[in-house]
Structures are given as C-alpha cells and as structure tokens.
Protein chains: 2
Amino acid sequence: MEKYLSKIKKSPLFLGITEEELSRMLNCFGASIKKYETGEMIIRQGDVVSKIYMILEGSVYIEKDSYWGRRIIVQKLNELNNIALGLVASRNAESSISAVCHKSATILALNFNKCSSMCTNACSHHVSLIQNMFKILSKENIELLEKIENISQKSIRDKLLTFLSNESMKNKSSSFEINFNRQELADYLNIDRSAMSFEMSKLKSEGLIDFEKNKFTLFELP
Amino acid sequence: MEKYLSKIKKSPLFLGITEEELSRMLNCFGASIKKYETGEMIIRQGDVVSKIYMILEGSVYIEKDSYWGRRIIVQKLNELNNIALGLVASRNAESSISAVCHKSATILALNFNKCSSMCTNACSHHVSLIQNMFKILSKENIELLEKIENISQKSIRDKLLTFLSNESMKNKSSSFEINFNRQELADYLNIDRSAMSFEMSKLKSEGLIDFEKNKFTLFELP
DNA sequence: AAAAATCTGTTGTAATTACAACAAAAATGT
DNA sequence: ACATTTTTGTTGTAATTACAACAGATTTTT
C-alpha cells in the first residue's frame, strides 16, 4: 500500500489531501489492493456495488451487455480513474455496467459505507473529498456526453472528424496522441474498423488530417 | 413562488426536506422563477454556468452543437428534473451542452454559490441535499449510459428493441407509454424516422411488439 | 364542422456501411 | 535474426439505411 501512496495522493479523488491524512482516510475506508488479469471482471453488470475502485496500474473497459446480444465498450479507463463512483451514491442500485480488466491491472478498493454518513464529520478533508467526488462525477457526465456527440454523427467521416476535433480541443493542440488502437477506436465510435481505416486514408489524402500510428494532426480546424 | 412550494418539495433534489426548511433554503439560494417560450435558450453551449435549474412546468431539450454542423438532442427533460447540476460542481467550466425550452416552460433557478462552500454548515438538511445531488448526478450518468447502449446497437431493429426493453424494465411492465413522438424517438435513437416506422410495423406484424400511438407492449421479453 | 397543420406509415431508389478476404506493416516472442 | 502473431490498410460485394415523396390519420385552429 505504502508503495502507491504518492500515486494515490495525485488522484482526482484525493486531490488536495495531505499524505498523512490520506493514510488515515485509506484506513478508515478499509482500503485494499488487488491485482486483476486481462479479461477478469471487476464489476459485473447487475452486481450491487458498495465499493469505489481506483485504477492504480493498467486499464479497464466499461462495458454494457445488451439483452439483445452485443457487448458495447462504453469507455476505456486508465490510471487514477475511478470506477463506479456514481453507483455508490445510489445505494443498493444494481450496476448497469460491467468493469472488465483490459491489461492486467492493479485496483484499489475503498469501502465508503464504512465511513457511513458522509459529511457528518465536517472536517475540511471531508469537504475536499466530497467536492472531488462531485467534480469526478460531473466530468464523467461530460465525457459520456462527448461520446454521445461523437457517435451521433451521421457518417463515418463526421464521426472521425468530431472525435478528432474533440481530442484536439482537449489537448489544446492540433497535434495529439490518442489512447485507442484502430479496433478500439472503431468500437468506441461504433463503426466498422476497415471502413474507418478507409475513411481515414481518404481524409489524409484530402489533406484534412495527418496521422502516423496514434499521433494525429488536424489541419483545417473549425 | 409559494404556488410551487409543494411541487418543489417533491423534487428529487429536495427529497426529505420539510416545507419550512425548503422555504429557508430557497431564500438562501436566491431562488427565482422565470418563464421561457418554445425555442428559448436556458443555457447556451459555452456559457459559464453558476446556477442550477429545475423544471417546474414544461419540458426542455439538452442539445449539443457540433462544430461539424449537426445539432444533437441528447435528452428530453421533464418536470422536476434539474439542468446543469454537474456543471456547477466543476466551477468555471464552460457548458458543453445547450438547454433549450421545448414547450413553454417554467424554470426555477438556484444560485448555489450563494451558500458558498457546501457542507461547511453541517446541518442535517445540508447532508440530505448533498446526498440528493449525488443521486441525481449518478442517475444522469446511468441515463446517459443507457442512451449510449441504445444508440450503439447495430441495426434499427436492435436499437428499437433495446430502447423498448429498457423502457419496459424502467416501467417494470411489458406495457408502457413513452415520452417521445416518432420524430423525437428517431432523433434520440439517431435514425431516420421513416425507416424506424417501417421497422416498427415489421416488429408488430412479426408479433414481437404491439403499439398504438405512444403505448407499447413487448411480447417476447428477454 | 370544415380547413389547415402536424404526425405517422409506406414505398422505391440512391448512398452508405458492414463484412469478408487478403496483403502489408509492425510488434512480439523465441 | 527469424518466425509468429497482431495490427493496419485496401478492395469488392451484399446488406442496411437515409432520403424523398406521398397518402392516410390525427390534432389543432378557425
């Protein structure tokens, strides 16, 4: 646990909390660390979730299994992101998503119910924590909205351009690297990989974008 | 304002708060009520939002304008729903969405910054309020995930069946009414209305579903 | 109650996309 | 350094979808 303390301290959830205080908090939340292998389920759709998770190493897919067959990758989460923050707030609610380990990952689990009624203890750290949780939740909201924007475009071309333009804005630069490989990007955008590759080449030949591996450049920014 | 008190009291945001306390809170938050006409903007994409809104009458579209032209309807919100709850948490962040009045609406605005640092005042009502806010935010998250599930299906048929199956589950019944007319549903599912109508008729003739106007019945539930 | 406007279902056609199959390139393991 | 596996790009074809145009039904207005 100590090994990860300085990393955890930098997480959005514990932002602004001192290392000594963090130690006490982790204790209070019954923190535990577990390693998962690729493909292992951290949360299963339908589970009643009572813990909050934080990714310390590796990456995790948020998936949704539909009754009608397909499995959808909603998000890919990386280091220091939280899983299921929203689920804990609505207590006893069944998880509407699954969290699946992508590349072998180290996950921190926090039992928030242990420090039961949040905020009865009005110490300043508690306030920080709650504000952090709000920020994370609302950031997640914004990311989901962004995904909806991306996949709501009519054509493959528009989906690509919208996604790239959003990435560019987030990176505040017309050159940036993306987190997905081609198949993952196609899954995220809900399109066929080969059709996407084709369209990407076309955009390149038209001089609208340039890319090499996962590094992209947008030329005609809106 | 008094006219709406009993309604506001039933809202998810103020759940569990007494009417007397509510009055005091509304005062503390500098509550104001405003009427909007169809098409009027309540929040404009890019605005820095510092107020939380609650719909008292009418309905509101949450829209996203893409740089690449299209306007996407992300959600349709009805009575007692909140707008921009998430935006207030991440202070000074520009709104990534627009809120547009659908049918002339009455909107309550609350200035949460007025009662600045939330939770310094550790009264029990404050705690309720914060817990309610968490629940609402996480419910919004879940709804966005559901929308992503719906529109991530491959075919029109699957989108329809997924949407209907989700509605059925939410209503805990195989018969239920939906909130959208055909064009709105098509917009929400990101498909062509006429193609959707065609597929709906097909599903009906195959005996999988039945519908009349906005009342639907699912026959072969998963 | 008639007229106008809106909403819904139906159809054919053009455009877009998914899919399969394969080749080239890159990454990984031995 | 070679072999193997994975990733990426390319192409043709089949399937799906968007679009336009229209008719019938329903709602709203006059």
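Order of the sequence lines sets the chain letters (A, B, ...), proteins ahead of strands, with each chain counted from 1.
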- Can you check the A:Lys202 NZ to D:dT8 C1' distance for me, whole Å? 18 Å
- Query: Rounded to whole angstrom units, what separation is found between the CD atom of A:Gln183 and the P atom of D:dT6?
  - Reply: 13 Å
- Item | Atom of B:Asp210, atom of B:Lys204 and distance for their closest heavy-atom approach | OD1-CE, 3.1 Å
- Item | Pairing residues for A:Phe198 by the ring pair (Phe, Tyr, Trp, His ring centres under 6.0 Å) criterion, not counting sequence neighbours | none
- Query: So which heavy atom on A:Met54 is nearest to which on A:Ile8, and how close?
  - Reply: SD-CG2, 4.4 Å
- Note on the structure: The contact string for nucleotides 21-30 of chain D, one letter per nucleotide 5' to 3', using protein heavy atoms under 4.0 Å with B, S and - for base, sugar-phosphate only and none, comes out as ------S---
- Task: Report the relative orientation of the aromatic rings in A:Phe176 and A:Phe216; use parallel for angles under 30°, tilted for 30 to 60°, perpendicular for over 60°.
- Result: parallel
- DNA chain C: first to last nucleotide in contact with chain A (atom under 4.0 angstrom from a heavy atom), 5' to 3', is C:dT17 to C:dA27
- Taking atom types as modelled, find out whether B:Ser174 and B:Ser168 have a side-chain donor-acceptor pair closer than 3.5 angstrom. no
- Item | salt bridge (Lys or Arg N to Asp or Glu O under 4.0 Å) partners of A:Arg182, counting only residues at least two apart | none
- Message: Rounded to whole Å, please give me the gap between CD in A:Glu212 and P in D:dG9.
- Response: 11 Å
- Using a 4.0 Å heavy-atom cut-off across all strands, classify B:Asn181 as base, sugar-phosphate, or nothing. sugar-phosphate
- End-to-end axis angle, where each axis spans five pairs of the helix from C:dA1-D:dT30 to C:dT30-D:dA1, to 10°: 60°
- Message: Once salt bridge (Lys or Arg N to Asp or Glu O under 4.0 Å) is applied, do any residues pair with A:Glu40, and if so which ones, sequence neighbours excluded?
- Response: none
- Between C1' of D:dT8 and CG of A:Leu160, the distance in whole Å: 14 Å
- Please name the pair of heavy atoms, one in A:Met200 and one in A:Ile209, separated by the smallest distance, quoted to 0.1 Å. O-CD1, 4.1 Å
- Query: Under 4.0 angstrom, heavy atoms only, what part of the nucleic acid is A:Ser197 near: base, sugar-phosphate, or nothing?
  - Reply: base
- Indicate yes or no: does A:Glu143 engage A:Lys139 in a salt bridge with an N to O separation below 4.0 Å. yes
